[in-house]
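Just below is one structure, and these are the notes that go with it.
Atoms within a ligand are numbered from 1 in the order they appear, just like the ligands themselves.
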Amino acid sequence: MPTALITGVTGQDGSYLAELLLQQEYTVVGMVRRTSTINFDRIKHIQSQIEIVQGDLLDQISLINILQEYQPQEVYNLAAQSFVPTSFTQPVLTGEFTALGVTRMLDAIRIVDPSIRFYQASSSEMFGKVREVPQTERTPFYPRSPYGVAKVYGHWITVNYRESYGIFACSGILFNHESPRRGLEFVTHKITNGVARIKLGLSQELRLGNLDARRDWGYAPDYARAMWLMLQQDRPEDYVIATGETHNVREFLEEAFSYVDLDWQEFVIQDDHFYRPAEVDLLIGDASKAGQQLGWEPTITFVELVRLMVDADIEYWERRLKQAAAISA
Ligand code: NAP
Ligand code: G4F
C-alpha cells in the first residue's frame, strides 16, 4: 500500500487527512516537532495506526532523513505557523516555517526521490486585498499579513519546483475551513466555544475584533478530501477549494447565538486588541475547476457548520462540568 508523509499531523487538517488516508489503507507517517509536552489531542484516536516521527520544517536534515527512511510516495505539507495575528508579532519565524519550510521540504524531495508527489497548503489569505470577486486560480495575489506573504512564497516555490525539476507538486488554495478541531483562537471556534460557555453559565461575555470581515467558511474534512484528490490526478495543478458563499463575522455570531436562543448583542464586546494592522475584508472562492476536474464539492452548508461546532462545544463543556461535579461529590 502507498505511504504518505503528513507534516502538521497534530493540526486540524493533519488529523482529518490522516483519518482519510488510513481509510484508504495508506501507511501514514506523521511528522511532529519535538515539544516538552505531548500535543496529540487531535490524533489520539488514531495514534496507534500512525507512524509518528520527529522532524521540523526548520531542520533540513530531519526532512531528508525521514524521506530516506520511510520512502513515501506522497508528501502533504500542512505544517505552518498558521495564525495570522501571530505573523504580525513573529514575522521572521512565520517566514522560516511557512515560507522557507516549503523550500526545505521540496529540496529534500528533489535530493531523495523526485518522483514523490507533493501537496502544498496554500491559502486564500494570499488574495488579501482582493483583485477580483470571486477569487479563482488566476486571480492575482495581494497578501495583507506576513502570513499571507509567506504563503505566496510557498505557493510560487511549489510552482517553481514543478516547472524546474518536473516534481509532481500541487498547491491547494484553500479558503477558511473549520471544525470542532479548529484552534480555539480562530474566530469561528472562539465564537462557538464562547456561545457554549455563556449558555452553560461559565462566561458572561465574548471579546472580538472586526465583525465586518467576510470569509468563505467550509468544513475541514471536505477540504482534506480535496488535498488527496489533487495528488491522484494525471497532472500536477493548482486548485481553489471553497464553498462559493461568503458571510461576515456578525452573521456567524447571529447564527451561533440564536441556535441556543441567545441574542449575541447582549454578550459580544468589540475590543481593539483583536483588530489587525491590515485586514482581509472579503474572501469568496470559485471552486469550479476543482468541481470539474476533481469532482470535488462541499457537503456541509454554513448553517450546518455553525451548528455542528456549537453542538460539539456544548457537549465538551457539559462533559467537563459532569467530571468536575463527580470529583467534588
Ligand atoms: P494548524 O491547526 O495550526 O496546524 C499547524 C500544524 O503545523 C501543527 O501540527 C503544528 O504542530 C505544525 N507545525 C508548526 N510549525 C512547525 C514546524 N516548524 N515543524 C513542524 N511542524 C510544525 O493548521 P490547520 O488549520 O490544520 O492548517 C493546515 C495548513 O493549511 C497550514 O499550513 C495552514 O496555514 C493552511 N491553511 C489552513 C486553512 C484553514 O482555514 N484551516 C486555510 C488555508 C490554508 P504543533 O501541534 O506542534 O503546533
Ligand atoms: O479566524 P481567523 O483568525 O482566520 P483568518 O485570519 O481568515 O485565517 C485563517 O484562514 C486562512 C485562509 O484564508 C488560513 F490560511 C489561516 O491559516 C487561518 O486558518 O479570522 C477571520 C476573520 C478576520 O478577518 C479577523 O479580523 O475574523 C476576524 N475576527 C474578528 N474578531 C477575529 C476576531 N479573528 C480572530 N482570530 N479573533 C477575534 O477575536
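- Here the closest non-hydrogen pair linking His45 and Arg181 is NE2-NH2, 3.7 Å.
- Each of the atoms 40 (O) of ligand 1 lies under 4.0 Å from some heavy atom of Asn176.
- The shortest side-chain heavy-atom distance between Tyr26 and Ile6 does not fall under the 4.5 Å cut-off.
- Separating the CG atom in Asp107 from the CD atom in Gln60 is a distance of 5.5 Å, to the nearest 0.5 Å.
- Heavy atoms only, all atoms of each residue included: Val195 and Ala256 are closest at CG1-O, 3.8 Å.
- The nearest protein atom to atom 13 (O) of ligand 2, hydrogens excluded, is given as Ser124 OG, 2.6 Å; this is a heavy-atom distance.
- Ranking the protein heavy atoms by distance from atom 26 (O) of ligand 2 puts Glu279 OE2, 2.6 Å first.
- The protein heavy-atom contact nearest to atom 6 (O) of ligand 2 is Arg276 NH1, 2.6 Å.
- Under a 4.0 Å criterion applied to the non-hydrogen atoms of Ala213, ligand 2 contributes the atoms 24 (O).
- The shortest N/O to N/O separation between Gly11 and ligand 1 falls below 3.5 Å.
- If you take CG on Leu17 and CH2 on Trp228, they are separated by 11.0 Å, rounding to the nearest 0.5 Å.
- Ion pairing between a basic and an acidic side chain is recognised when a charged N comes within 4.0 Å of a carboxylate O; Arg214 and Asp281 show no such pairing.
- Arg215 NH2, 3.4 Å is the protein heavy atom nearest to atom 23 (C) of ligand 2.
- Under 4.0 Å from ligand 2, the heavy atoms of Phe83 that appear belong solely to its side chain.
- Looking only at protein heavy atoms, the nearest one to atom 33 (C) of ligand 1 is Tyr147 OH, 3.6 Å.
- In this comparison of Arg214, Lys190, Lys151, Gln12, the heavy atom closest to atom 39 (O) of ligand 2 sits on Lys190.
- Evaluated by nearest non-hydrogen atom to atom 14 (C) of ligand 1, the leading choice among Ser122, Ala80, Ala79 is Ala80.
- Protein heavy atom nearest atom 37 (N) of ligand 2, with residue, atom name and distance: Glu185 O, 3.8 Å.
- Residue, atom and distance of the protein heavy atom nearest to atom 27 (O) of ligand 1 are Asp13 OD2, 3.6 Å.
- Between Asp238 and Arg162, at least one side-chain nitrogen of the basic residue sits less than 4.0 Å from a carboxylate oxygen of the acidic one, meeting the salt-bridge criterion.
- Ring centers of Trp296 and Tyr223: under 6.0 Å apart, within the cut-off.
- Heavy atoms of Arg182 approach ligand 2 to within less than 4.0 angstrom.
- Note that CG of Asp261 is 5.5 Å distant from NZ of Lys199, once rounded to the nearest 0.5 Å.
- Distances below 4.0 Å separate heavy atoms of Gly209 from the following atoms of ligand 2: 30 (C), 31 (N), 33 (C), 39 (O).
- Glu245 is not listed as a side-chain neighbour of Thr301, based on a closest heavy-atom distance of 4.5 Å or more.
- In terms of N/O distances under 3.5 Å, ligand 1 is approached by Gln12.
- Of the listed options Asn210, Asp13, Leu208, Asn210 places a heavy atom closest to atom 28 (C) of ligand 2.
- In the vicinity of Leu283, heavy-atom distances shorter than 4.0 Å reach the ligand 2 atoms 13 (O).
- Of all heavy-atom pairs between Ser87 and Gln81, the closest is N-NE2, 3.5 Å.
- Aromatic ring centroids of Phe141 and Phe127 lie under 6.0 Å apart.
- Nearest approach of Val9 to Ile50, heavy atoms of both residues: CG2-CD1, 4.5 Å.
- Using a 4.0 Å cut-off to heavy atoms of Thr10, the atoms of ligand 1 that qualify are 8 (C), 9 (O), 11 (O), 45 (P), 46 (O).
- Salt bridge present: Glu96 and Arg104 bring a charged side-chain N and a carboxylate O closer than 4.0 Å.
- Within the 4.5 Å cutoff, the side chain of Arg34 has heavy atoms near those of the Ser36 side chain.
- In terms of heavy atoms, Ala226 sits closest to Leu294 at O-CD1, 4.3 Å.
- Here is the list of ligand 1 atoms found below 4.0 Å of a heavy atom in Ala121: 29 (C), 30 (O), 32 (O), 35 (C).
- Residue contacts with ligand 1 include Lys151, since one of its heavy atoms falls under 4.0 Å from the ligand.
- Nearest to atom 4 (O) of ligand 2 among the protein's heavy atoms is Asn176 ND2, 3.7 Å.
- Ionic pairing of Arg215 and Glu125 is present here: one or more N-O contacts between side-chain nitrogen and carboxylate oxygen are shorter than 4.0 angstrom.
- Residue Arg33 has at least one nitrogen or oxygen atom sitting less than 3.5 Å from a nitrogen or oxygen atom of ligand 1, judged on distance alone.
- Here the straight-line distance linking atom CG of Leu208 with atom CD1 of Ile191 works out to 5.5 Å at 0.5 Å rounding.
- Atoms of ligand 1 found under 4.0 Å from any heavy atom of Gly8 (numbered from 1 in listed order, with element): 6 (C), 7 (O), 9 (O), 12 (C).
- Close contacts of ligand 2 with Val249, meaning ligand atoms under 4.0 Å from a residue heavy atom, involve 27 (O).
- For ligand 1, the atoms sitting less than 4.0 Å from at least one non-hydrogen atom of Ser82 are 1 (P), 3 (O), 23 (O), 33 (C), 34 (O), numbered in the order shown with element in parentheses.
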Quiz item: Passes side-chain contact (heavy atoms from CB on, under 4.5 Å), Trp217 versus Val306? Steps please.
Solution: CA-CA 10 Å; Trp217 278 297; Val306 176; over 6 Å; no
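- Counting protein heavy atoms only, atom 25 (O) of ligand 1 is closest to Arg182 NH1, 3.5 Å.
- For the ligand labelled ligand 2, residue Tyr147 lies inside the 4.0 Å heavy-atom shell.
- Atoms of ligand 2 lying under 4.0 Å from any heavy atom of Phe274, numbered from 1 in the order shown and given with element: 39 (O).
- Among protein heavy atoms, atom 17 (C) of ligand 1 sits closest to Asp56 OD1, 3.5 Å.
- Here atom 19 (N) of ligand 1 lies nearest to Leu57 when heavy atoms of Leu78, Leu57, Val32, Leu174 are compared.
- Ligand 1 has an N or O atom lying under 3.5 Å from an N or O atom of Asn39, backbone or side chain.
- Shortest non-hydrogen contact noted between Phe175 and Ser124 is CA-OG, 3.3 Å.
- Here the protein heavy atom with the shortest distance to atom 1 (O) of ligand 2 is Val187 N, 2.9 Å.
- Contact atoms of ligand 2 toward Ser82: 16 (C), 17 (O), 18 (C) (distance under 4.0 Å to a heavy atom of the residue).
- Among the candidates His155, Lys151, Gln120, the single residue satisfying the side chain to side chain donor-acceptor pair (under 3.5 Å) test with Ser171 is His155.
- The atoms of ligand 2 that sit less than 4.0 Å from any heavy atom of Ser123 are 11 (C), 12 (C), 13 (O), 14 (C), 15 (F).
- Distances between N or O atoms of His177 and those of ligand 1 include at least one value under 3.5 Å.
- Contact atoms of ligand 2 toward Val84: 6 (O), 8 (O) (distance under 4.0 Å to a heavy atom of the residue).
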